[in-house]
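A short write-up of the structure that comes next.
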There are 2 protein chains.
Amino acid sequence: MSKHQKEMGVLKEHLGKHQLKYTRQRELILDAFLKQEHITAEEMYHQLARKDPHLGLATIYRTLNLFCEAGLAQARHFGTQTQYDNISHKGHHDHLICTDCGKIVEFENCDIERLQEEVATRNGFTIKTHRLELYGLCARCRH
Amino acid sequence: MSKHQKEMGVLKEHLGKHQLKYTRQRELILDAFLKQEHITAEEMYHQLARKDPHLGLATIYRTLNLFCEAGLAQARHFGTQTQYDNISHKGHHDHLICTDCGKIVEFENCDIERLQEEVATRNGFTIKTHRLELYGLCARCRH
DNA sequence: TTTGAAATTGATAAACCGTCTCAAAAAGAA
DNA sequence: TTCTTTTTGAGACGGTTTATCAATTTCAAA
């Protein structure tokens, strides 16, 4: 009995609508995915290698893309890799990044999020996720 | 006499600080880059092929990455390619990105920028640049 | 202006990420 | 069970970006 009844329901509904099948691999990958806020295919590959050493990387890519189509995940290109964000995981945090020492401070700001919504609405968009990074110098590196 | 005195100054200062040299290729690439709002390495490669048929693709990648380090450019990964944004072109533009069709809408929002400054100040940071990307569905893809 | 150490270049090889291919296996309806 | 369809795993593949390295260029010092 999984803890992720709701998400599993969403997935099964999507599978049903598209003549797709519910497989052991898809269940395994869904369980691992829902525990994360965001993950890359490569990370998941290593993470699941213990549970199923024969699970192929291609299957993980296929399945994460399937989750995107089902509305459970959201792909985001970060650096050279693709991050798959867990949509159901809220509390999105943004980053302040020091370009000198690499220090990263996480923050959350409701006012900014509200303004983002406004901008999106004005342009006919519906936001699913966002990414905000502020680059500069931290207090120590400014001197 | 270039039109881009200010940016060239920024580049030369960065070069000086890091024992790097000012070359014909870097000047050529900077000129081409500053005319664009954003460009890929491949696009620039073709664009500059007429002026210098022997200019290598690797040099373009190296130089665009150098511009990022100097604070003149900002890399953005979309799809399989990397877009190099011209920081100076506008104040700074942010992006609304449709995850379905890839459509990109640029926007600027002073209120958001002001709130960003507040967050930074509160954390002792001095912002040099930022990156804000809103991911979702555009009006057409929502249906 | 020449000299010489250090950085840069161009050409191409290599790495990297993600997708495609296809035979074998699994799912699921009848 | 049987049969059709989908999925899987393994590796090949394709496109983008980085690494390699000998030859060239820059630029500071003589």
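In what follows, every chain begins at residue 1, and chains take the letters A, B, ... in the order their sequences are listed.
dT9(C) atom P lies 13 Å from atom CD of E27(B), rounded to whole Å. Distance, Q81(A) CD to dT19(C) P: 13 Å, rounded to whole Å. When rounded to the nearest whole Å, the span between CZ of F67(B) and C1' of dT8(C) equals 14 Å. The interatomic distance linking Y45(A) (OH) with dG18(C) (C1') rounds to 14 Å, in whole Å. Straight-line distance from the NE2 atom of H14(B) to the P atom of dA7(C): 14 Å, rounded to whole Å. Rounded to whole Å, the distance from CG on L66(A) to C1' on dT6(D) is 12 Å. Counting to the nearest Å, the P atom of dG10(C) and the CE atom of M44(B) are 14 Å from each other. For R76(B) and dT16(D), the CZ to C1' distance is 16 Å, given to the nearest whole Å.
Note on T23(A): every side-chain N or O is 4.0 Å or more away from OP1 and OP2 of dT7(D). For the OP1/OP2 pair of dT16(D) and a distance below 4.0 Å, the side-chain nitrogens and oxygens of T82(B) include no atom meeting the criterion. Between Q19(A) and the phosphate of dA27(C), there is no side-chain N or O to OP1/OP2 separation shorter than 4.0 Å. An OP1 or OP2 oxygen of dT9(C) is reached within less than 4.0 angstrom by no side-chain nitrogen or oxygen of H54(B). Neither OP1 nor OP2 of dT6(D) sits under 4.0 Å from any side-chain N or O of H18(A). Considering only side-chain N and O atoms, R24(A) lies nowhere under 4.0 angstrom from the phosphate OP1 or OP2 of dA26(C). OP1 or OP2 of dG18(C) has not a single side-chain nitrogen or oxygen of N65(A) nearer than 4.0 Å.
Counting any heavy atom pair closer than 4.0 Å across all strands shown, R26(B) reaches sugar-phosphate atoms only and no base atom. As judged by a 4.0 angstrom heavy-atom cut-off over every strand, L20(A) is placed among residues touching the sugar-phosphate backbone only. Within the 4.0 angstrom heavy-atom criterion, no nucleotide atom of any strand lies near E42(A).
Considering only side-chain atoms of T80(A), the nucleotide from dC27(D), dT8(D), dC17(C) that sits closest is dC17(C). Comparing dT7(D), dC27(D), dA19(D) against the side chain of A58(B) picks out dA19(D) as the nearest. Side-chain proximity of K21(B) to the nucleotides dT9(C), dA7(C), dT16(D) is greatest for dA7(C). Checking dT20(D), dA10(D), dT18(D) against every side-chain atom of Y61(B), the shortest atom distance belongs to dT18(D).
The closest side-chain donor-acceptor pair between Q83(B) and T40(B), if any, does not fall under 3.5 angstrom. Using a 3.5 Å distance cut-off with no hydrogens or angles, the side chains of T126(B) and R142(A) do pair a donor with an acceptor. For the residue pair Y135(A)/E133(A), the side-chain donor-acceptor check at 3.5 Å is satisfied.
Between Q25(B) and Y84(B), the residue anchored nearer the 5' end of DNA chain D, judged by the nucleotide with its closest heavy atom, is Y84(B).
Other residues, nucleotides and ligands contribute only 12 or fewer heavy atoms inside 6.0 Å of the CZ atom of R140(B).
Ion pairing of R131(A) with D94(A) is absent here, as no side-chain N (NZ or NE/NH1/NH2) approaches a carboxylate O to less than 4.0 Å.
For R62(B) and dG10(C), a side-chain-to-base donor-acceptor distance below 3.5 Å is present, hydrogens and geometry of angles not being considered.
Between F33(B) and Y84(B), a ring centre-to-centre spacing not shorter than 6.0 Å is recorded.
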